[in-house]
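Order of listing sets the numbers, starting from 1, for every ligand and every atom in it. One-based numbering along the sequence shown.
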Amino acid sequence: MQIIHHGAVNGVTGSCHQLDINPQHPSSYLIDCGLFQGAETAGQNSADQLQIDFTIDNIKALIVTHCHIDHVGRIPYLLAAGFNQPIYATTATASLLPLVIEDALKVGVTRDKKLIQACLNQLNKLIVPIDYNQWISLPVNLSSNATQPVNQIKLKFKPAGHILGSAYVELDLKGPNNKHRVVFSGDLGATYAPLLPSPKSPYRADTLVIESTYGDKNHQGRKDRSKQLRGIIKKAVQDNGVVLIPAFSIGRTQELLYEFEHIIYRNQHNPMWQNIDIIVDSPMAANFTQKYREFKNLWDKEAKRKLKQGRHPLDFEQLTTIDSHQDHLAVINYLDSVNKPAIIIAASGMCTGGRISNYLSRFLPKATTDVLFVGYQAKGTTGRDIQEYGPQGGYVYINEQKIDINATIHTISGYSAHADQHNLINFVKRMHHKPKHIRIVHGDDEAKQALASAYQALLPMAEIEIGKA
Ligand SMILES: [Zn+2]
Ligand SMILES: [Zn+2]
């Protein structure tokens, strides 16, 4: 068995890992097929980043851990390269994936409806929805030689608590004389994140391929971050400014709405909270929020309890959704003219484009504005620049325009939807049979190194490796 990487080794984006078995008569499996983003695309032209630069001849299946674009964005290119094998995903991911791919095609590739539909038809033909905790057999190239090392491979998705439908993957490889379990973490959620249950460790893993986004950091506790969130909003209300929250459509947006509903519910007699406008400026985010409501069977106990009490954690009075581009521009002009507090959630999460850019261009120069980062900002993204230069009174370039930053910049780490170092260590520590081999991927260098040292201290006999392309 060998595992090679076509992304998410020199950074966090472009996740695409390949598991090869049986060197004589090979079968391969892809785990995710994501897009590179931010500085991780530097030095490559855009066609190169997208190209499937590996042979797909022996690939028997694509396994999708979750539908963030940096894990699924290259699927259209995989299909264009002739990939015609099953795509396995959890039931919720399978339901979200066509929306994500359609959006990715519209934003980055083509507006041609026929082309988009052709790609979606092909995707729908190949996708196989699987419930969590079910073993299913994957296709294997069988040779006439019965002694090939692996003749059966099975897959199971386990809840990863990262976004709706997210999973880590257990793969059982069985041969005549051996059994080996490989676990791919995908992206793991943080414990005590709102809405979805935290991931439970696998019972066993022989080989573990694990993400390390926050391999060198620990998040704030949930209480702290709720308090910080309330504080920021309070300031915004007092100075009648806007709070801009760049967020991906899937995951953080819903977590934040969930938190806002809670704060509003707790402050039923406080007019400030009853009158605040919470604007989700993204048709995509609205679609995904709808999906989160649809799959409420996957919510955690606390969220289900609120439903039972007749509350609607993702659908409340103060919430407005903006759909058309015209309305989007109108809202910006309106907010600019009225001197009224508002909270705006818009994509993209790292400010690399999307509707948040128009808000940032208009409102970053205003001292009454607050920008709140709730997610990881990759190097080279506009988000990272604002985070770095904003507090020093610097500037950024947005759409080739120099924009001064007079806004106050905040970062709250707990809503990142990624496990922190503590969670990543516990993920391994709580396994019954611990891995002999750990491969660390999906992180900046410092994060990978820090996590590697922590794992080595925990498992002195294990082979700990940092993934390389
Ligand atoms: Zn993710
Ligand atoms: Zn990821």
| request: Restricting to N/O/S, name the atom of H68 that gets closest to the Zn ion (ligand 1). | output: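 Going by distance to the Zn ion (ligand 1), the closest N, O or S atom in H68 is ND1.
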| task | Examine K306 relative to Y258 and say whether NZ or CZ is less than 6.0 Å from the centre of the six-membered ring and inside a 45° cone about the ring axis. | result |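 That pair qualifies as a cation-pi contact.
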| What angle sits at the Zn ion (ligand 2) between NE2 of H71 and NE2 of H442, to 10°? | 100°
| query | Is the distance between the Zn ion (ligand 1) and the nearest N/O/S atom of H66 smaller than 2.8 Å? | reply |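 True for H66.
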| Would D187 count as a contact for the Zn ion (ligand 1), in the sense that one of its N, O or S atoms lies under 2.8 Å from it? |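 Of the N, O and S atoms in D187, at least one lies under 2.8 Å from the Zn ion (ligand 1), which means yes.
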| query | Do T65 and D32 have side-chain N/O donor and acceptor atoms under 3.5 Å apart? | reply | yes
| field | H437 and D206 side chains, donor-acceptor separation under 3.5 Å | value |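 Side-chain D/A pair, D206 to H437: absent.
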| query | Do T90 and D131 pass the side chain to side chain contact (heavy atoms under 4.5 Å, CB included) test, and can you show the C-alpha distance, the side-chain angles, and the key distance before you say yes or no? | reply | CA-CA 5 Å; T90 66; D131 283 338; over 6 Å; no
